[in-house]
S.K.: 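The structure under discussion is supplied below as structure tokens; questions concerning it will follow.
Everything numeric here is computed off the predicted structure, so don't read it as measured data. All values below were derived from every heavy atom in this structure, side-chain atoms included, with hydrogens, water molecules and symmetry-related copies excluded.
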Amino acid sequence: MLRKILLISLLLASPLLQANGANSERNYTGVYACKGHNNKVGDYVFSLTLKANKANSHDEVDVYDVSGQTENATHYFGRALAMGNKMSLAFRISDYKENTFGVGLATFKYHPEKSWSFTTQYYEPGEEGGITGTEVCSFQATVATTTPVAPKKPAEKSAEEASPNPN
């Protein structure tokens with residue numbers, strides 16, 4: 001009887017164990033296509049890249065490097081901190097002369113086709129109260145995280161191959 005209770009308990013708990021394991025394996029690294037709207041520019045599109053910064057991530061806190069580019073060549077770069085499906089972003093915009101950072105809060109959603117999307121509410125300080133906006137981003141591609149492989153050196157020729165052919 002005790003064996004049956006243990007077996008049933010393990011079977012019932014296994015989905016919970018798998019769900020908790022999946023949360024610790026969450027990774028938002030990738031390239032995202034984004035559409036946004038703010039109170040200064042109106043509608044716009046851009047691409048955003050998130051890359052996990054594993055050296056600075058710990059416990060349940062994941063750190064990401066953020067970079068992006070709009071259709072008019074404005075660049076964004078900064079850092080993000082993720083906990084669960086929420087991400088706080090701090091970013092600098094290349095168009096600003098001052099070293100001013102905007103901030104945002106993103107909420108991620110996982111889709112059955114095994115991809116992420118997120119919605120961000122953000123604020124960029126500036127004249128006349130700053131800019132507020134919303135962006136919706138969809139996963140497009142995985143960011144390469146491998147180190148490039150150096151080309152192989154040509155094999156050294158043997159003495160026979162190195163000498164000119166007399167014929």
Side-chain angles (χ1 to χ4, degrees), residues 10-149:
L10 285 173
L11 290 174
L12 291 175
S14 65
L16 295 173
L17 293 172
Q18 291 172 357
N20 288 338
N23 287 339
S24 65
E25 298 296 323
R26 186 172 296 180
N27 186 343
Y28 301 125
T29 294
V31 177
Y32 294 81
C34 302
K35 294 180 181 181
H37 181 86
N38 68 36
N39 60 348
K40 180 180 178 186
V41 176
D43 293 332
Y44 59 92
V45 296
F46 71 103
S47 95
L48 182 76
T49 301
L50 297 173
K51 190 170 181 183
N53 183 327
K54 295 187 185 275
N56 292 309
S57 299
H58 59 86
D59 301 325
E60 294 180 18
V61 178
D62 295 314
V63 177
Y64 289 84
D65 296 322
V66 178
S67 62
Q69 183 174 346
T70 67
E71 57 196 344
N72 65 358
T74 297
H75 294 275
Y76 293 78
F77 51 94
R79 299 284 187 271
L81 184 109
M83 292 180 71
N85 73 329
K86 300 285 186 187
M87 179 180 283
S88 173
L89 300 109
F91 53 89
R92 183 168 176 336
I93 304 163
S94 64
D95 292 351
Y96 287 169
K97 293 177 185 171
E98 305 87 29
N99 194 17
T100 304
F101 279 80
V103 293
L105 180 63
T107 303
F108 281 77
K109 182 177 179 184
Y110 189 71
H111 301 280
E113 62 275 7
K114 298 186 179 183
S115 68
W116 291 102
S117 69
F118 63 91
T119 301
T120 303
Q121 301 295 320
Y122 67 91
Y123 169 75
E124 298 172 6
E127 298 174 17
E128 301 175 26
I131 301 168
T132 58
T134 302
E135 298 167 344
V136 177
C137 301
S138 299
F139 180 82
Q140 297 297 302
T142 303
V143 174
T145 56
T146 58
T147 307
V149 177

S.K.: Nearest 0.5 Å please: distance from the CE atom of M83 over to the OG atom of S88.
M.R.: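 Those atoms lie 11.0 Å apart.
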
S.K.: Apply side chain to side chain contact (heavy atoms under 4.5 Å, CB included) to residues N38 and Y122 and explain how you reach the verdict.
M.R.: CA-CA 9 Å; N38 68 36; Y122 67 91; 3.0 Å; yes

S.K.: Kindly give the heavy-atom pair with the smallest separation between E124 and I93, and that separation in Å.
M.R.: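 In this case the closest contact between E124 and I93 is CD-CD1, 3.3 Å.
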
S.K.: Within a radius of less than 6.0 Å around CD of E60, do more than 12 heavy atoms belonging to other residues, nucleotides or ligands occur?
M.R.: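 Atom CD in E60 is not packed in, count stays at 12 or less.
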
S.K.: With sequence neighbours left out, what residues match D59 under side chain to side chain donor-acceptor pair (under 3.5 Å)?
M.R.: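 For D59, no residue satisfies side chain to side chain donor-acceptor pair (under 3.5 Å) once neighbours in sequence are set aside.
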
S.K.: Identify the two heavy atoms, one from A73 and one from S94, that lie closest to each other, and give their separation to 0.1 Å.
M.R.: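 What the structure gives for the nearest pair is O-OG, 4.5 Å.
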
S.K.: Backbone N or O of V63 within a donor-acceptor pair of the S57 side chain at under 3.5 Å?
M.R.: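 Checked: pair present.
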
S.K.: Roughly how far apart are T134 OG1 and N39 CG, rounded to 0.5 Å?
M.R.: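 Atom-to-atom, T134:OG1 and N39:CG are 10.0 Å apart.
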
S.K.: With sequence neighbours excluded, give me every salt bridge (charged side-chain N to carboxylate O under 4.0 Å, His left out) pair touching residues 129-140.
M.R.: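 For residues 129-140, and leaving out neighbouring residues, there are no salt bridge (charged side-chain N to carboxylate O under 4.0 Å, His left out) pairs at all.
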
S.K.: Does the pair M87 and L89 meet the rule for a side chain to side chain contact (heavy atoms under 4.5 Å, CB included), with working shown?
M.R.: CA-CA 6 Å; M87 179 180 283; L89 300 109; 4.3 Å; yes

S.K.: For residues V45 and T70, determine if any side-chain heavy atom of one lies less than 4.5 Å from a side-chain heavy atom of the other.
M.R.: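 Not in contact.
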
S.K.: Could you tabulate the donor-acceptor pairs under 3.5 Å formed by side-chain atoms of residues 103-120, not counting sequence neighbours?
M.R.:
from : atom 1 : to   : atom 2 : distance (Å)
T107 : OG1    : K86  : NZ     : 3.0
H111 : NE2    : S117 : OG     : 2.6

S.K.: Take T29 and L50 through the side chain to side chain contact (heavy atoms under 4.5 Å, CB included) test and state the conclusion after the steps.
M.R.: CA-CA 5 Å; T29 294; L50 297 173; 5.7 Å; no

S.K.: What pairs with K54 under side-chain contact (heavy atoms from CB on, under 4.5 Å), at least two apart in sequence or on another chain?
M.R.: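 Expected list: N27, A52.
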
S.K.: Can I get a per-line list of side-chain donor-acceptor pairs under 3.5 Å for residues 75-82, giving both atom names and the distance, sequence neighbours left out?
M.R.:
from : atom 1 : to  : atom 2 : distance (Å)
R79  : NE     : D65 : OD1    : 3.4
R79  : NH1    : D65 : OD1    : 3.3

S.K.: Return each pair, listed once, that meets disulfide (SG to SG under 2.5 Å) where at least one residue sits in residues 26-59; pairs must be two or more places apart or across chains.
M.R.: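 Matches after skipping sequence neighbours: C34-C137.
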
S.K.: Walk me through it: do Y32 and T49 pass the test side chain to side chain contact (heavy atoms under 4.5 Å, CB included)?
M.R.: CA-CA 6 Å; Y32 294 81; T49 301; over 6 Å; no

S.K.: Report the residues that fulfil side chain to side chain donor-acceptor pair (under 3.5 Å) with Q69, sequence neighbours left out, ordered by chain and then residue number.
M.R.: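 Counting only residues at least two positions away or on another chain, Q69 forms no side chain to side chain donor-acceptor pair (under 3.5 Å).
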
S.K.: Has the side chain of D43 got a donor or acceptor atom that lies under 3.5 Å from a matching backbone atom of H37?
M.R.: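 Checked: no pair found.
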
